[in-house]
2 protein chains.
Amino acid sequence: MENSQLKKAGLKITHPRVKILTILENSDKRHWSAEDVFKELMLSGEDVGIATVYRVLTQFESAGIVTRHNFSDGHSVFELDHGEHHDHMVDLDSGEVVEFMNDEIEKIQHAIADEHGYDLVDHSLVLYVKKKS
Amino acid sequence: MENSQLKKAGLKITHPRVKILTILENSDKRHWSAEDVFKELMLSGEDVGIATVYRVLTQFESAGIVTRHNFSDGHSVFELDHGEHHDHMVDLDSGEVVEFMNDEIEKIQHAIADEHGYDLVDHSLVLYVKKKS
DNA sequence: ATGAATGCAAAAACTTTGCATGACG
DNA sequence: CGTCATGCAAAGTTTTTGCATTCAT
(Lines give C-alpha, C1' and ligand atoms only; values in the text may rest on other atoms or scores of the structure.)
Protein backbone atom coordinates (compact mmCIF):
# COMPACT_ATOMS: atom_id res chain seq x y z
CA MET A 1 0.00 0.00 0.00
CA GLU A 2 0.91 3.66 0.22
CA ASN A 3 3.01 3.39 3.35
CA SER A 4 5.70 1.27 1.79
CA GLN A 5 5.99 3.63 -1.16
CA LEU A 6 6.47 6.55 1.18
CA LYS A 7 9.02 4.70 3.27
CA LYS A 8 10.93 3.71 0.19
CA ALA A 9 11.07 7.37 -0.75
CA GLY A 10 12.42 8.23 2.70
CA LEU A 11 9.31 10.18 3.60
CA LYS A 12 7.71 10.03 7.00
CA ILE A 13 4.27 8.43 7.05
CA THR A 14 2.10 11.42 7.70
CA HIS A 15 -1.60 11.85 7.29
CA PRO A 16 -1.46 14.39 4.44
CA ARG A 17 1.08 12.36 2.47
CA VAL A 18 -0.86 9.11 2.73
CA LYS A 19 -4.13 10.83 1.89
CA ILE A 20 -2.75 12.61 -1.17
CA LEU A 21 -1.07 9.50 -2.52
CA THR A 22 -4.28 7.56 -2.05
CA ILE A 23 -6.21 10.15 -4.00
CA LEU A 24 -3.76 10.04 -6.88
CA GLU A 25 -3.81 6.25 -7.01
CA ASN A 26 -7.52 5.65 -6.63
CA SER A 27 -8.84 7.77 -9.44
CA ASP A 28 -9.27 7.57 -13.17
CA LYS A 29 -8.15 11.15 -13.35
CA ARG A 30 -4.57 11.33 -14.55
CA HIS A 31 -3.69 15.01 -14.36
CA TRP A 32 -4.11 16.88 -11.10
CA SER A 33 -3.49 20.50 -10.28
CA ALA A 34 -2.60 21.31 -6.68
CA GLU A 35 -6.01 22.93 -6.44
CA ASP A 36 -7.69 19.74 -7.72
CA VAL A 37 -6.00 17.71 -5.02
CA PHE A 38 -6.85 20.29 -2.40
CA LYS A 39 -10.54 20.23 -3.36
CA GLU A 40 -10.60 16.45 -3.29
CA LEU A 41 -9.17 16.54 0.22
CA MET A 42 -11.85 19.00 1.30
CA LEU A 43 -14.52 16.71 -0.14
CA SER A 44 -13.12 13.85 1.90
CA GLY A 45 -13.38 16.08 4.93
CA GLU A 46 -9.62 16.26 5.33
CA ASP A 47 -8.15 19.33 6.94
CA VAL A 48 -5.01 19.90 4.90
CA GLY A 49 -3.68 23.29 3.88
CA ILE A 50 -2.96 24.19 0.27
CA ALA A 51 0.65 24.91 1.24
CA THR A 52 1.03 21.34 2.39
CA VAL A 53 -0.45 20.07 -0.86
CA TYR A 54 2.21 21.96 -2.77
CA ARG A 55 4.93 20.78 -0.42
CA VAL A 56 3.86 17.16 -0.62
CA LEU A 57 3.48 17.18 -4.40
CA THR A 58 6.91 18.73 -4.73
CA GLN A 59 8.36 16.07 -2.45
CA PHE A 60 6.63 13.39 -4.51
CA GLU A 61 8.17 14.89 -7.59
CA SER A 62 11.65 14.74 -6.05
CA ALA A 63 10.97 11.16 -5.01
CA GLY A 64 9.94 10.24 -8.55
CA ILE A 65 6.42 9.36 -7.48
CA VAL A 66 4.81 12.00 -9.67
CA THR A 67 5.78 14.04 -12.69
CA ARG A 68 5.07 17.74 -12.86
CA HIS A 69 3.92 19.38 -16.08
CA ASN A 70 3.94 23.11 -16.46
CA PHE A 71 1.16 23.89 -18.86
CA SER A 72 1.26 27.06 -20.79
CA ASP A 73 -1.49 28.89 -18.97
CA GLY A 74 0.99 29.05 -16.14
CA HIS A 75 -0.21 26.40 -13.75
CA SER A 76 1.21 23.00 -13.00
CA VAL A 77 -0.37 19.61 -13.13
CA PHE A 78 0.93 16.46 -11.53
CA GLU A 79 0.49 12.85 -12.57
CA LEU A 80 1.64 9.56 -11.15
CA ASP A 81 4.92 8.54 -12.70
CA HIS A 82 4.56 5.16 -14.33
CA GLY A 83 8.18 5.19 -15.31
CA GLU A 84 7.43 5.68 -18.96
CA HIS A 85 8.04 9.15 -20.23
CA HIS A 86 5.49 10.56 -22.63
CA ASP A 87 4.39 13.78 -24.23
CA HIS A 88 0.93 15.21 -24.68
CA MET A 89 -1.43 15.96 -27.51
CA VAL A 90 -4.32 18.29 -26.74
CA ASP A 91 -7.50 18.28 -28.82
CA LEU A 92 -8.31 21.95 -29.25
CA ASP A 93 -12.01 21.24 -29.69
CA SER A 94 -12.71 18.77 -26.93
CA GLY A 95 -9.84 19.52 -24.56
CA GLU A 96 -9.08 15.80 -24.52
CA VAL A 97 -5.47 14.90 -23.71
CA VAL A 98 -3.73 12.03 -25.47
CA GLU A 99 -0.36 10.75 -24.35
CA PHE A 100 2.27 9.64 -26.80
CA MET A 101 5.92 8.75 -26.88
CA ASN A 102 8.36 8.77 -29.76
CA ASP A 103 11.93 7.58 -29.36
CA GLU A 104 13.10 9.35 -32.46
CA ILE A 105 12.01 12.75 -31.18
CA GLU A 106 13.60 12.08 -27.80
CA LYS A 107 16.85 11.18 -29.48
CA ILE A 108 16.89 14.27 -31.69
CA GLN A 109 16.21 16.53 -28.72
CA HIS A 110 19.29 15.26 -26.96
CA ALA A 111 21.31 15.72 -30.10
CA ILE A 112 20.11 19.29 -30.52
CA ALA A 113 20.94 20.25 -26.95
CA ASP A 114 24.30 18.60 -27.33
CA GLU A 115 25.10 20.45 -30.56
CA HIS A 116 24.55 23.71 -28.74
CA GLY A 117 26.80 22.76 -25.85
CA TYR A 118 24.07 21.90 -23.40
CA ASP A 119 22.82 18.94 -21.44
CA LEU A 120 19.12 18.29 -21.82
CA VAL A 121 17.53 18.43 -18.39
CA ASP A 122 13.88 18.34 -19.31
CA HIS A 123 11.56 19.20 -22.10
CA SER A 124 7.99 20.00 -22.82
CA LEU A 125 6.32 18.98 -26.04
CA VAL A 126 2.65 19.54 -26.57
CA LEU A 127 0.88 19.04 -29.88
CA TYR A 128 -2.28 21.03 -30.41
CA VAL A 129 -4.54 19.12 -32.76
CA LYS A 130 -8.01 18.84 -34.21
CA LYS A 131 -9.89 15.78 -35.34
CA LYS A 132 -9.41 15.08 -39.02
CA SER A 133 -12.31 16.30 -41.06
CA MET B 1 7.66 52.69 -40.23
CA GLU B 2 5.79 51.67 -37.10
CA ASN B 3 2.74 53.80 -37.75
CA SER B 4 1.64 51.93 -40.85
CA GLN B 5 2.03 48.61 -39.08
CA LEU B 6 -0.21 49.81 -36.29
CA LYS B 7 -2.77 51.19 -38.69
CA LYS B 8 -2.82 47.98 -40.63
CA ALA B 9 -3.57 46.21 -37.37
CA GLY B 10 -6.43 48.61 -36.68
CA LEU B 11 -4.68 50.06 -33.66
CA LYS B 12 -4.71 53.72 -32.84
CA ILE B 13 -1.33 55.43 -33.11
CA THR B 14 -0.55 56.08 -29.49
CA HIS B 15 2.68 56.95 -27.82
CA PRO B 16 3.07 53.71 -25.84
CA ARG B 17 2.28 51.53 -28.84
CA VAL B 18 4.75 53.27 -31.13
CA LYS B 19 7.45 53.27 -28.47
CA ILE B 20 7.05 49.60 -27.65
CA LEU B 21 7.04 48.54 -31.28
CA THR B 22 10.15 50.61 -31.88
CA ILE B 23 11.92 48.93 -29.01
CA LEU B 24 11.06 45.50 -30.29
CA GLU B 25 12.23 46.33 -33.81
CA ASN B 26 15.43 48.20 -32.97
CA SER B 27 17.15 45.65 -30.81
CA ASP B 28 19.18 42.52 -31.21
CA LYS B 29 17.28 41.07 -28.30
CA ARG B 30 14.66 38.68 -29.59
CA HIS B 31 12.76 37.62 -26.50
CA TRP B 32 11.20 40.20 -24.26
CA SER B 33 9.32 39.73 -21.04
CA ALA B 34 6.82 42.46 -20.21
CA GLU B 35 9.22 43.50 -17.48
CA ASP B 36 12.09 43.76 -19.97
CA VAL B 37 10.07 46.08 -22.18
CA PHE B 38 8.97 48.09 -19.17
CA LYS B 39 12.56 48.58 -18.00
CA GLU B 40 13.65 49.60 -21.48
CA LEU B 41 10.90 52.21 -21.52
CA MET B 42 12.06 53.55 -18.17
CA LEU B 43 15.61 53.81 -19.48
CA SER B 44 14.35 55.83 -22.43
CA GLY B 45 12.67 58.08 -19.93
CA GLU B 46 9.22 57.05 -21.09
CA ASP B 47 6.43 57.18 -18.58
CA VAL B 48 4.43 54.07 -19.42
CA GLY B 49 2.80 51.82 -16.84
CA ILE B 50 3.47 48.12 -16.66
CA ALA B 51 -0.25 47.51 -17.16
CA THR B 52 -0.10 49.27 -20.49
CA VAL B 53 2.90 47.19 -21.51
CA TYR B 54 0.89 44.05 -20.90
CA ARG B 55 -2.14 45.46 -22.71
CA VAL B 56 -0.12 46.56 -25.72
CA LEU B 57 1.79 43.30 -25.99
CA THR B 58 -1.46 41.37 -25.82
CA GLN B 59 -2.93 43.54 -28.56
CA PHE B 60 0.18 42.99 -30.66
CA GLU B 61 -0.27 39.28 -30.15
CA SER B 62 -3.85 39.43 -31.39
CA ALA B 63 -2.70 41.49 -34.35
CA GLY B 64 -0.06 38.91 -35.22
CA ILE B 65 2.77 41.38 -34.66
CA VAL B 66 4.32 39.35 -31.89
CA THR B 67 4.19 35.77 -30.67
CA ARG B 68 3.78 34.98 -27.01
CA HIS B 69 5.58 32.06 -25.41
CA ASN B 70 4.58 30.79 -22.00
CA PHE B 71 7.65 29.33 -20.40
CA SER B 72 7.25 26.93 -17.58
CA ASP B 73 8.66 29.09 -14.86
CA GLY B 74 5.35 30.88 -15.24
CA HIS B 75 6.26 34.00 -17.12
CA SER B 76 5.68 34.96 -20.72
CA VAL B 77 8.06 36.26 -23.32
CA PHE B 78 7.16 38.01 -26.53
CA GLU B 79 9.00 38.16 -29.81
CA LEU B 80 8.37 39.81 -33.15
CA ASP B 81 6.64 37.41 -35.47
CA HIS B 82 8.87 36.91 -38.48
CA GLY B 83 6.71 34.22 -39.94
CA GLU B 84 9.39 31.55 -39.62
CA HIS B 85 8.60 28.88 -37.13
CA HIS B 86 11.15 27.75 -34.56
CA ASP B 87 11.33 26.11 -31.17
CA HIS B 88 13.15 27.16 -28.02
CA MET B 89 15.80 25.97 -25.67
CA VAL B 90 15.95 27.61 -22.23
CA ASP B 91 19.08 27.64 -20.12
CA LEU B 92 17.82 26.88 -16.63
CA ASP B 93 20.75 28.66 -15.00
CA SER B 94 21.01 31.87 -17.00
CA GLY B 95 17.50 32.11 -18.41
CA GLU B 96 19.06 32.52 -21.85
CA VAL B 97 16.87 31.44 -24.76
CA VAL B 98 18.21 29.77 -27.88
CA GLU B 99 16.11 29.20 -30.96
CA PHE B 100 16.33 26.10 -33.07
CA MET B 101 14.46 24.38 -35.82
CA ASN B 102 14.56 20.76 -36.82
CA ASP B 103 12.71 19.49 -39.86
CA GLU B 104 12.83 15.92 -38.71
CA ILE B 105 11.01 16.69 -35.48
CA GLU B 106 8.44 18.75 -37.36
CA LYS B 107 7.84 15.88 -39.73
CA ILE B 108 7.46 13.31 -36.98
CA GLN B 109 5.01 15.51 -35.12
CA HIS B 110 2.74 15.59 -38.13
CA ALA B 111 3.04 11.84 -38.50
CA ILE B 112 2.14 11.27 -34.85
CA ALA B 113 -0.92 13.49 -35.01
CA ASP B 114 -1.93 11.76 -38.20
CA GLU B 115 -1.57 8.28 -36.69
CA HIS B 116 -3.97 9.28 -33.94
CA GLY B 117 -6.54 10.61 -36.39
CA TYR B 118 -5.74 14.27 -35.88
CA ASP B 119 -4.51 17.23 -37.86
CA LEU B 120 -1.64 19.08 -36.25
CA VAL B 121 -2.68 22.69 -35.71
CA ASP B 122 0.18 23.95 -33.58
CA HIS B 123 2.75 22.75 -31.14
CA SER B 124 5.00 23.89 -28.39
CA LEU B 125 8.41 22.40 -27.84
CA VAL B 126 10.77 23.75 -25.23
CA LEU B 127 14.00 22.12 -24.18
CA TYR B 128 15.20 22.92 -20.69
CA VAL B 129 18.96 22.67 -20.58
CA LYS B 130 22.07 23.41 -18.60
CA LYS B 131 25.55 24.20 -19.86
CA LYS B 132 27.67 21.10 -20.18
CA SER B 133 30.01 20.69 -17.26
C1' DA C 1 11.91 13.82 23.40
C1' DT C 2 13.38 15.99 19.26
C1' DG C 3 13.53 16.96 14.77
C1' DA C 4 10.49 16.94 10.97
C1' DA C 5 5.89 18.16 9.13
C1' DT C 6 1.83 20.95 9.24
C1' DG C 7 -1.53 24.92 9.03
C1' DC C 8 -2.12 29.46 8.72
C1' DA C 9 -1.35 33.76 6.97
C1' DA C 10 1.55 36.63 4.68
C1' DA C 11 4.70 37.32 0.80
C1' DA C 12 6.21 36.72 -3.91
C1' DA C 13 6.00 36.88 -8.72
C1' DC C 14 3.42 37.74 -12.66
C1' DT C 15 -0.62 39.46 -14.87
C1' DT C 16 -5.23 41.56 -15.18
C1' DT C 17 -8.84 44.97 -14.04
C1' DG C 18 -11.54 49.16 -12.34
C1' DC C 19 -11.75 53.73 -12.75
C1' DA C 20 -10.86 58.57 -13.40
C1' DT C 21 -8.03 61.24 -16.51
C1' DG C 22 -6.06 62.27 -20.84
C1' DA C 23 -5.13 61.69 -25.81
C1' DC C 24 -6.34 60.28 -30.77
C1' DG C 25 -8.86 60.95 -34.99
C1' DC D 1 -15.94 66.08 -29.25
C1' DG D 2 -16.72 61.13 -28.43
C1' DT D 3 -14.30 57.30 -27.82
C1' DC D 4 -10.62 54.74 -26.92
C1' DA D 5 -6.23 54.33 -24.39
C1' DT D 6 -3.56 55.21 -20.36
C1' DG D 7 -1.69 55.36 -15.54
C1' DC D 8 -2.21 54.15 -11.11
C1' DA D 9 -3.38 51.25 -7.61
C1' DA D 10 -5.78 47.50 -6.26
C1' DA D 11 -7.13 42.75 -6.97
C1' DG D 12 -6.27 38.05 -9.01
C1' DT D 13 -3.58 33.71 -9.64
C1' DT D 14 -0.56 30.42 -8.62
C1' DT D 15 3.06 29.00 -5.70
C1' DT D 16 6.34 29.68 -1.84
C1' DT D 17 7.86 30.90 2.86
C1' DG D 18 8.12 32.19 7.98
C1' DC D 19 6.78 30.69 12.20
C1' DA D 20 4.53 28.65 16.07
C1' DT D 21 2.37 24.28 16.91
C1' DT D 22 1.69 19.40 16.35
C1' DC D 23 3.05 14.90 15.09
C1' DA D 24 5.91 10.69 13.94
C1' DT D 25 9.30 7.70 15.56
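Per chain, numbering begins at 1; letters A, B, ... match sequence-line order.
Residue B:Tyr54 places no side-chain N or O under 4.0 Å from the OP1 or OP2 atom of C:dT16.
In this structure, B:Lys29 places its NZ atom where more than 12 heavy-atom neighbours from other residues, nucleotides or ligands lie under 6.0 Å away.
Following rounding to the nearest Å, B:Gln59 (CD) and C:dT15 (P) show an atom-to-atom distance of 16 Å. In this entry the distance linking CD of A:Glu61 with C1' of D:dT16 reads 14 Å, nearest Å. Following rounding to the nearest Å, B:His15 (NE2) and D:dC4 (P) show an atom-to-atom distance of 22 Å. Rounded to an integer number of Å, the gap from B:Ile50 CD1 to D:dC8 C1' is 13 Å. In this structure, B:Asp36 places its CG atom 14 Å from C1' of C:dA13, rounding to the nearest Å. The separation between B:Glu46 atom CD and C:dA23 atom P is 14 Å, rounded to whole Å. Note: CZ (B:Phe78) to C1' (C:dC14) measures 11 Å, nearest angstrom. Rounded to an integer number of Å, the gap from CZ of B:Phe60 to P of D:dA5 is 12 Å.
Minimum atom distance to the side chain of A:Lys12 is reached by C:dA5, of the listed C:dA5, D:dT3, C:dC8. Candidate nucleotides D:dC8, C:dA5, C:dC24 were compared by shortest atom distance to the side chain of B:Thr14, and C:dC24 ranks first. Taking only side-chain atoms of A:Ser76, from C-beta outward, the nucleotide of D:dT15, C:dA5, D:dC8 with the closest atom is D:dT15.
Formation of a donor-acceptor pair under 3.5 Å by the B:Asp114 side chain with backbone atoms of B:Ala111 is not found in this model.
Residues A:Ser33 and B:Arg17 each lie close to DNA chain D; by heavy-atom proximity, the contact nearer the 5' end of the strand is made by B:Arg17.
One distance of note links CD of A:Gln109 with CZ of B:Phe100; it measures 7.0 Å at 0.5 Å rounding.
The aromatic rings of A:His85 and A:His123 sit perpendicular to each other, their planes meeting at more than 60°, with 30° as the lower class boundary.
Nucleic acid contact class of A:Arg55 (heavy atoms, under 4.0 Å, all strands): base. A:Ile13 comes within contact range of the sugar-phosphate backbone alone, with a heavy-atom separation under 4.0 Å but no base atom that close.
Side-chain contact between A:Arg55 and A:Thr58: absent, with no pair of heavy atoms (C-beta onward) separated by less than 4.5 Å.
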